[in-house]
Amino acid sequence: MRSILFTMIFSNKLITWYLENKRFLPWRETKNPYAIWLSEIILQQTRVAQGLPYFEAFLTTYPTVKDLADAPEDDVMRLWQGLGYYSRARNLHATAKKVAYELNGVFPPNYKELLTLKGVGEYTAAAIASIAYDEVVPVVDGNVFRVLSRVYGITSDISTNTTKKEFQALAATLIPQHDPATFNQAIMDFGAIQCTPKSPDCPSCPFIKECVAYQTNQVAVLPIKLSKVKVKKRYLDFIIFIDKDGNTHIEQRTAKDIWQQLYQFPVFDSFTHHVEDIDSALRERYDTLYIKEIKELTADAITHQLSHQKLHIKFWCVQIEATPSVQTSWEDLNKFGFPIVIHNFITSLDLKTLIS
DNA sequence: AATACGGGGAA
DNA sequence: TTCCCAGTATT
């Protein structure tokens with residue numbers, strides 16, 4: 001452990017850097033817990049540039065937590081469409097309802113109670129408590145792991161819970177009592193702008209003299225992260241039914257699986273192979289189905305990379321007399337949230353060429 | 001302690 | 001391609 005003097009130098013230098021280099025972000029202009037909570041949920045595992053337009057859209061569409069609580073779930077999911085990790089949207093909605101109707105519209109007032117909210121873990125509770133309430137509790141996110149592991153030369157595996165506790169303890173010694181909000185945002189901005197994962201800007205870094213990683217030439221290998229995910233292949237054949245009126249059929253995903261609560265076209269789903277004989281497969285699943293024509297819309301399967309699965313996706317157009325279940329008009333599809341890969345495909349499609 | 005869960009940007 | 005992003009919930 002470094003000296004007390006160094007911890008003060010670290011905090012002061014960090015905040016000095018922040019005041020000169022910080023990004024101007026809309027959620028920094030407020031102490032409103034609702035807006036700050038919203039920004040923190042959106043920014044989980046998400047870059048600022050990607051989350052920013054979603055933050056604006058949500059705050060505009062739902063100016064208060066009650067507006068969000070009262071929204072239909074389909075609307076919330078659709079607004080979240082494309083951002084990924086959709087459990088965040090479901091938890092966001094559930095928490096909005098709880099705050100609006102069980103907590104009288106008031107967010108829990110401290111770190112410990114914030115932790116009880118769905119979708120709010122240690123990082124997010126610390127972020128909200130420090131930024132909205134000035135509670136002295138350090139955030140530990142990917143940026144903090146990176147900055148501290150480098151400056152302090154910490155070589156523990158950051159994917160373990162034990163290491164996370166070590167970093168929380170270290171950060172707790174660094175965070176100043178008088179301005180935790182600025183410190184937390186400073187260390188995250190520093191990690192995002194200066195001490196970046198790849199090719200950080202060490203020559204202009206204020207910690208170049210103190211940084212253990214820089215002095216021992218370990219910047220490129222820190223932080224150490226050992227856990228590596230294994231990615232499964234998965235084969236999806238989506239069936240776009242078109243009936244005689246030009247309507248199609250969609251269904252909602254409800255299983256504990258990817259894309260829960262989002263919509264999709266009926267699908268054949270396998271971890272080993274694409275459907276070999278679509279015609280037979282369709283007749284097996286829907287025993288009464290008058291098929292006029294089957295058209296393969298994707299000569300080559302579309303690949304779509306998720307964190308734990310690599311999807312190989314084909315789309316089929318199947319013209320029939322009537323849809324096998326509830327029908328949806330093509331124009332109404334934009335009322336539903338789809339996985340982005342489906343949404344992009346729909347957008348690229350021309351219905352006329354589909355049925356010609 | 002491991003694993004599942006999206007999508008996109010950067011190198 | 002590979003990495004990883006203002007992580008959380010579940011097993």
Side-chain angles (χ1 to χ4, degrees), chain A residues 22-23 25-28 36-55 77 80-92 94-95 114-132 138-147 157-165 167-168 171 181 183-193 195-200 220-221 223-232 234 253 255-262 303-311 337-344:
Chain A
K22 72 173 184 176
R23 295 174 287 186
L25 303 170
W27 47 85
R28 288 188 175 153
I36 292 170
W37 162 73
L38 182 60
S39 74
E40 292 301 341
I41 301 297
I42 287 173
L43 291 172
Q44 287 168 5
Q45 290 291 287
T46 303
R47 292 171 195 281
V48 166
Q50 188 187 2
L52 196 46
Y54 286 84
F55 175 79
M77 297 307 293
W80 197 273
Q81 172 177 274
L83 197 53
Y85 283 169
Y86 295 92
S87 64
R88 290 185 292 171
R90 300 193 301 273
N91 289 332
L92 185 83
T95 291
L114 283 165
L115 268 180
T116 67
L117 300 176
K118 281 186 181 175
V120 176
E122 291 181 325
Y123 162 76
T124 305
I128 299 171
S130 62
I131 296 170
V139 295
V140 176
D141 72 337
N143 293 303
V144 176
F145 275 125
R146 189 167 55 254
V147 172
D157 173 16
I158 64 165
S159 58
T160 73
N161 213 282
T162 311
T163 302
K164 185 177 177 184
K165 285 185 167 57
F167 277 81
Q168 286 170 332
F183 175 85
N184 278 342
Q185 295 185 83
I187 195 168
M188 290 191 286
D189 251 20
F190 183 75
I193 296 170
C195 193
T196 52
K198 301 287 171 61
S199 52
V221 299
I224 306 285
K225 191 186 211 170
L226 294 181
S227 80
K228 37 194 165 284
V229 297
K230 46 187 177 186
V231 175
K232 296 178 192 167
R234 187 166 177 179
R253 295 182 67 92
K256 282 190 179 177
D257 193 1
I258 59 174
W259 302 330
Q260 197 181 339
Q261 301 305 119
L262 293 187
T303 63
H304 186 71
Q305 186 73 56
L306 304 183
S307 52
H308 284 64
Q309 299 179 18
K310 181 167 186 165
L311 309 181
F338 289 89
I340 200 65
V341 64
I342 298 180
H343 175 259
N344 289 343

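Per chain, numbering begins at 1; letters A, B, ... match sequence-line order.
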Check the interface with nucleotides 9-11 of chain C: list each N/O to N/O pair with the protein under 3.5 Å, or write none.
from   : atom 1 : to     : atom 2 : distance (Å)
C/dA9  : OP1    : A/G119 : N      : 2.4
C/dT11 : OP1    : A/K256 : NZ     : 3.2

With the criterion being N/O to N/O and under 3.5 Å, what pairs connect the protein with nucleotides 2-4 of chain C, and how long is each?
from  : atom 1 : to    : atom 2 : distance (Å)
C/dC4 : O2     : A/R47 : NH2    : 3.2

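By the side-chain contact (heavy atoms from CB on, under 4.5 Å) test, A/L25 is found to be paired with A/R23, A/W27, A/R28, A/V48, residues two or more places apart in sequence or in another chain being considered. By the side chain to side chain donor-acceptor pair (under 3.5 Å) test, A/Y85 pairs with no residue at all, sequence neighbours left out. Residues satisfying the salt bridge (charged side-chain N to carboxylate O under 4.0 Å, His left out) test with A/D157, not counting sequence neighbours, are none. Scanning for side-chain contact (heavy atoms from CB on, under 4.5 Å) contacts around A/Q44 gives A/I41, A/R88, A/T124, with sequence neighbours left out. Annotation: side chain to side chain donor-acceptor pair (under 3.5 Å) contacts of A/H304 (sequence neighbours excluded): none. Under the side-chain contact (heavy atoms from CB on, under 4.5 Å) criterion, A/P200 pairs with A/R150, A/T196, A/C202, A/V219, sequence neighbours left out. Residues that satisfy the salt bridge (charged side-chain N to carboxylate O under 4.0 Å, His left out) test with A/K164, not counting sequence neighbours, are A/E122. Listed by chain and number, the residues in a side-chain contact (heavy atoms from CB on, under 4.5 Å) with A/R47 amount to none (sequence neighbours excluded). Scored by the salt bridge (charged side-chain N to carboxylate O under 4.0 Å, His left out) test, A/R90 finds no partners at all (sequence neighbours excluded).
Along DNA chain B, the stretch of nucleotides lying under 4.0 Å from any heavy atom of chain A spans, 5' to 3', B/dA1 to B/dG9.
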